[in-house]
Number of protein chains: 2
Amino acid sequence: MDNTIHLNHLRSELKKFVSFSDAEWEIFKQYLEFRHYDKKDFFAVPGEVCDHMGFILCGAMRYFHVREGIEITGYFSFENELVSAYKSFLTRKPNTNYIQAIEKTTLILISKKNFELMENNPAIAFKIEQFGRRIAEYYICCYEDRVASFIIQSPEERYLDMQKNAGEIFLRIPQHYVANFLGITPVSLSRIRKRTLKVHA
Amino acid sequence: MDNTIHLNHLRSELKKFVSFSDAEWEIFKQYLEFRHYDKKDFFAVPGEVCDHMGFILCGAMRYFHVREGIEITGYFSFENELVSAYKSFLTRKPNTNYIQAIEKTTLILISKKNFELMENNPAIAFKIEQFGRRIAEYYICCYEDRVASFIIQSPEERYLDMQKNAGEIFLRIPQHYVANFLGITPVSLSRIRKRTLKVHA
DNA sequence: TTAAAACGTTAACAAAAGATAAGGTTTTGA
DNA sequence: TCAAAACCTTATCTTTTGTTAACGTTTTAA
């Protein structure tokens with residue numbers, strides 16, 4: 001199977017982090033693997049170390065904790081985004097949540113082992129450090145905004161912002177997952193929707 | 001003034017991110033500057049790009065947003081920790097919150113300009129990439145936990161956890177700042193304290 | 001030293017959210 | 001295709017939080 005088109009797509013998308021030279025890319029792509037997930041397949045589970053970082057070619061992933069038997073969704077990743085239990089991937093400690101495909105999903109994976117091999121390969125080590133740094137810095141910026149939203153906004157304000165800035169999510173994600181993402185219960189989100197609908201009608 | 005002892009302390013503390021060789025350290029330390037902040041002095045303000053990252057030798061810093069004239073505290077940094085409006089520092093876009101000394105505070109600063117000079121100095125560029133990467137990765141791990149606390153815990157649970165794991169903070173930080181940090185109002189925290197005190201009495 | 005500001009608690013009331021359950025619709029999967 | 005599961009809404013009741021204000025104490029700064 002020829003995955004050239006997908007690899008080229010990945011290379012292009014990764015430019016927002018770092019640009020690989022042709023020589024670097026030839027090395028880099030040898031460390032990649034493709035993997036398909038059916039809906040409900042798990043990318044990561046609690047208690048196991050997350051060994052991979054993935055790039056989503058198509059599909060979507062849901063991150064959730066289980067607390068007293070109840071699933072609580074904390075995050076989503078969609079196509080052209082990365083997916084990983086980052087803390088576990090970095091620290092090599094057991095992960096604490098599930099990451100599950102919520103659609104048929106195809107990933108391009110890099111294993112921790114391959115990451116480390118590249119970090120020790122002088123031909124590409126520097127670029128890999130840059131790559132790892134930019135990814136981490138990118139996510140820090142996202143986290144800064146997300147934490148601020150919990151500190152300075154009410155659930156209703158978070159919902160309205162999300163509707164404005166990421167409205168497409170509601171077309172793909174069950175609403176009770178979104179509720180958890182906003183830090184509230186599904187019942188509460190349903191009420192907020194009813195409340196705020198009237199304002200714009 | 002001889003700051004050798006403080007620089008050696010910094011070098012030692014930074015080992016949790018990266019170890020500098022003697023040669024690298026000689027270069028690195030030339031790009032550092034010391035700065036003192038009186039209580040209530042600002043390290044960063046909204047609308048300005050944050051040009052520095054700081055290491056706290058002594059003292060403490062508070063991060064807060066102003067919303068409708070009200071200050072809302074989102075974070076603190078203490079001695080031996082870093083301080084920065086990270087997103088602004090990284091993206092060179094205007095910062096959106098205040099960072100203020102809440103005690104007399106001494107920082108060792110690296111400017112963005114000096115950071116970039118080192119990134120372009122072959123003698124130390126690789127180490128700087130590693131350094132930047134490890135810092136970012138460290139903060140991602142912190143953020144992962146912090147976001148999870150908003151998703152899966154109630155304010156009361158967040159308070160009890162904080163009391164257990166970071167009790168000393170309450171000795172240095174006014175309680176209404178802590179309340180904001182937990183995502184609630186000062187009045188609500190006062191009630192939670194009253195509620196939970198009885199359980200342990 | 002002393003007046004002003006900051007701080008924590010409490011009260012009273014309103015608003016929002018959580019918990020539970022029921023009902024109807026849609027989706028899923030055998 | 002059809003029964004089961006998943007999903008969203010609504011209702012009821014309880015709990016928690018927000019808002020505002022008052023009060024007493026502590027800290028700050030002139």
Side-chain angles (χ1 to χ4, degrees), chain A residues 38-41 60 62 64-73 76 98 100-104 149-160 162-163 169-199 201, chain B residues 37-41 60 62 64-73 76 98 100-104 149-160 162-163 167 169-199 201:
Chain A
D38 280 330
K39 186 171 179 173
K40 296 194 180 172
D41 282 352
R62 173 174 77 107
F64 66 94
H65 291 258
V66 173
R67 216 174 126 83
E68 292 160 22
I70 310 286
E71 296 182 2
I72 302 180
T73 299
F76 311 98
Y98 293 91
Q100 185 185 47
I102 48 177
E103 305 171 357
K104 275 176 172 280
S149 81
F150 285 113
I151 294 294
I152 66 184
Q153 292 186 301
S154 67
E156 182 171 319
E157 289 170 321
R158 287 200 292 279
Y159 165 71
L160 291 172
M162 185 176 182
Q163 204 182 36
I169 287 181
F170 293 99
L171 303 175
R172 291 172 66 174
I173 304 287
Q175 189 174 303
H176 63 294
Y177 293 164
V178 174
N180 293 160
F181 176 83
L182 295 171
I184 56 178
T185 61
V187 175
S188 191
L189 178 54
S190 187
R191 282 188 293 229
I192 287 173
R193 282 163 54 81
K194 190 178 182 186
R195 232 155 55 200
T196 57
L197 216 63
K198 290 177 181 158
V199 177
Chain B
Y37 295 79
D38 281 328
K39 186 170 179 174
K40 296 194 178 173
D41 282 352
R62 173 174 76 106
F64 66 94
H65 291 257
V66 172
R67 217 174 123 85
E68 292 160 23
I70 310 286
E71 297 182 1
I72 303 180
T73 298
F76 311 99
Y98 293 90
Q100 185 185 46
I102 50 178
E103 304 172 359
K104 273 177 173 279
S149 80
F150 286 113
I151 294 294
I152 66 184
Q153 292 186 302
S154 67
E156 182 172 320
E157 288 170 321
R158 287 200 292 278
Y159 166 71
L160 292 172
M162 185 177 182
Q163 204 182 37
I169 286 181
F170 293 98
L171 303 175
R172 291 173 67 175
I173 305 286
Q175 187 175 303
H176 63 292
Y177 293 165
V178 174
N180 293 161
F181 176 82
L182 294 170
I184 57 180
T185 62
V187 175
S188 191
L189 177 55
S190 186
R191 283 187 293 229
I192 288 174
R193 282 164 54 82
K194 190 177 181 186
R195 231 154 57 198
T196 58
L197 216 63
K198 290 179 180 156
V199 178

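Residue numbers begin at 1 in each chain, while the letters A, B, ... track the order of the sequences.
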Atom CZ of A/Arg193 and atom P of C/dA17 are separated, to the nearest Å, by 15 Å

Check every nucleotide of DNA chain D for an atom under 4.0 Å from a heavy-atom of chain A, then give the first and the last such nucleotide from 5' to 3'.
D/dC7 to D/dT12

Could you state the atom-to-atom distance from CZ of B/Arg172 to P of C/dC7 in whole Å?
16 Å

Mark yes or no for whether A/Gln100, through its side chain, and A/Lys40, through its backbone, hold a donor-acceptor pair below 3.5 Å.
yes

Distance-only criterion, 3.5 Å: show the donor-acceptor pairs between side-chain atoms of residues 177-191 of chain A and protein atoms not counting sequence neighbours.
residue  : atom : partner  : partner atom : Å
A/Asn180 : OD1  : A/Thr73  : N            : 3.1
A/Thr185 : OG1  : A/Ser188 : N            : 3.2

If I take atom CD1 in residue A/Ile72 and atom P in nucleotide C/dG18, what distance separates them, rounded to the nearest angstrom?
11 Å

Spacing of B/Ile102 atom CD1 relative to C/dA6 atom P, expressed in whole Å:
15 Å

Heavy atoms, side chains only, cut-off 4.5 Å: are A/Lys39 and A/Ile102 in contact?
no

I want to check something: taking the side chain as every heavy atom from C-beta on, are A/Phe150 and A/Arg158 in contact at a cut-off of under 4.5 Å?
yes

By side chain to side chain contact (heavy atoms under 4.5 Å, CB included), which residues pair with A/Lys104, not counting sequence neighbours?
A/His36, A/Asp38

Write down the distance between CG (A/Asn180) and P (C/dA17), rounded to a whole number of angstrom.
14 Å

Describe the nucleic acid contact of B/Pro186 in one word from base, sugar-phosphate, nothing, applying a heavy-atom distance below 4.0 Å.
nothing

Heavy atoms only, 4.0 Å cut-off, all strands: where does B/Ser188 land among base, sugar-phosphate and nothing?
sugar-phosphate

Side-chain donor-acceptor pairs under 3.5 Å in residues 169-176 of chain B, sequence neighbours left out?
residue  : atom : partner  : partner atom : Å
B/Arg172 : NE   : B/Glu103 : OE2          : 3.0
B/Arg172 : NH1  : B/Glu79  : OE2          : 2.8
B/Arg172 : NH2  : B/Gly59  : O            : 3.2
B/Arg172 : NH2  : B/Glu79  : OE1          : 3.2
B/Arg172 : NH2  : B/Glu103 : OE1          : 3.0
B/Arg172 : NH2  : B/Glu103 : OE2          : 3.3
B/Gln175 : OE1  : B/Arg193 : NE           : 3.1

Side-chain N or O of A/Arg195 versus OP1/OP2 of C/dA17: is the shortest distance under 4.0 Å?
yes

C/dA15 C1' sits how many Å from A/Ile192 CD1, rounded?
12 Å

I need the CZ-P distance between B/Phe150 and C/dA17, as an integer number of Å.
16 Å

For the side chain of A/Arg67 and the backbone of B/Ile152, is there at least one donor-acceptor N/O pair under 3.5 Å apart?
yes

Ranking B/Ile184 and A/Pro174 by the position along DNA chain D of their nearest nucleotide, the one closer to 5' is A/Pro174

Let me check the geometry of the helix from C/dT1-D/dA30 to C/dA30-D/dT1. What is the bend angle between the axes at its two ends, five pairs each, to 10°?
60°

Of B/Arg191 and B/Tyr177, the one whose closest nucleotide on DNA chain C sits nearer the 5' end is B/Tyr177

Nearest whole Å is fine: how far is C/dA14 P from A/Glu156 CD?
20 Å

Tell me, do A/Ile192 and A/Thr196 make a side-chain contact under 4.5 Å, heavy atoms counted?
yes

Below 4.0 Å: OP1/OP2 of C/dA6 and any side-chain N or O of B/Gln175:
no

Between A/Glu71 and A/His65, is the side-chain contact (heavy atoms from CB on, under 4.5 Å) condition met? List the steps.
CA-CA 6 Å; A/Glu71 296 182 2; A/His65 291 258; over 6 Å; no

According to a strict under-4.0 Å criterion, is A/Thr185 in side-chain N/O contact with OP1 or OP2 of C/dG18?
yes

Provide a list of protein-nucleic acid N or O atom pairs under 3.5 angstrom, restricted to nucleotides 21-30 of chain C.
residue : atom : partner : partner atom : Å
C/dT28  : OP1  : A/Lys39 : NZ           : 3.4

Closest heavy-atom pair, A/Gln153 versus A/Glu157, reported as atoms and distance to 0.1 Å, is CA-OE1, 3.3 Å

